[in-house]
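For ligands, and for the atoms within them, numbers begin at 1 and follow the listed sequence. In this chain, numbering begins with 1 at the start of the sequence shown. All of these numbers come straight from a predicted model, not from anything done at the bench.
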Amino acid sequence: MQYPQIPAFAARPGVIRLIGHRGARGVLPENTMEGFAFTLAAGVELLELDVTATRDGVPVITHNHRLTRSMIRGADGCWLQGEEPKVSSLTYAELQAYDAGGLDGSSTYGRRFPDQAFLTGVRIPRLADLLALLQRPEHHNVHLLLEIKSDPDLIGDTTARRKLVEAVVSEVRKAHMQPRTVLHSFDWDLLAECQRIAPEMPASFLTQLPDNADDPGEDSSKAVNPVAGCSALDLPDRVAAAKGQFWCPYFLDITADALARARALGLVTVVWTVNEPEDIDRMIALGVDAICTDYPGRVQRRLLMHGLHWRTD
Ligand code: MG
């Protein structure tokens, strides 16, 4: 099958692709319309985002399964106190009471992004809100790396998994965005469901080897990522065996041999989340297809300094 989405993510001579991680998390609040608008304004045409669903089945763009006090304020304007509510326990209307516009600088997570702008009155968006923005003619070339987050409390619940995938795919189809969307996950069972329900969209297999540490202050995905016991070189074959089109390794896991193997298997290779200039340079030298980053400006500048670009036009 030919996928129209693939050329937008694949490297070409002189071009390594740039993907804005959660928009541009290093500089604006993650997974917000404000962050996505900024990323698009910077000329970045590939957006990564995280999606889960509310109690009333509305796909919303947020990373953690619980509203996290390091990044969410209540209606009173204060960081959340007490138990952090699960997104899946709230209706979309209830979710609108919360503000996702900034980080608590005293938290472990907040300290990781000291330059992120602090906004007020920012809501967790619906997937439909972003899809509507991308209908505008000026965004006709924007593609999505749409990560579906599996609920750690519902691992193995095939009905919950199917309902989540169906809700997400339904929104994408309603907006006729399938030709510009790639479905992405750490949970390979969930990706199998995506392949069954939405064969018109490529499946993007995230991997993270157990040896490298999780990012502090956010949900880990290792529990659902079936790569224990693998080496980096095993991963492309595992993805190909699962009939994936994209392999997305943690950037500290990838090796030149593994990248060569992925290319031989016809996979698009996207590394995440690459933020430090020396790491960006290393990924450019390796020759990956795409770099997913919290700092799109840093990758733009490094690519330009190497005589490369992130777009073909
Ligand atoms: Mg993600």
- [ ] Just jot down the side-chain hydrogen bond (donor to acceptor under 3.5 Å, both in side chains) partners of D281, sequence neighbours excluded, or say none.
- [x] R302, H306
Task: Axial cation check for W310 ring with R17, 6.0 Å and 45° limits - done: no
- [ ] Quick one: list whatever passes ring-ring contact (aromatic ring centres under 6.0 Å, His included) with W272, sequence neighbours left out.
- [x] F186, Y250
- [ ] Sequence neighbours left out, what passes ring-ring contact (aromatic ring centres under 6.0 Å, His included) with F113? Give chain and number order.
- [x] Y109
TODO: Output, by chain and residue number, all protein N/O/S atoms separated from the Mg ion (ligand 1) by less than 2.8 Å.
DONE: E48 OE2, D50 OD1, E147 OE1
Open item on the list: Between F246 and F205, is the ring centroid distance below 6.0 Å?
Closed with: no
Open item on the list: If you count every heavy atom of other residues, nucleotides or ligands that lies below 6.0 Å from E278 atom CD, does the total exceed 12?
Closed with: yes
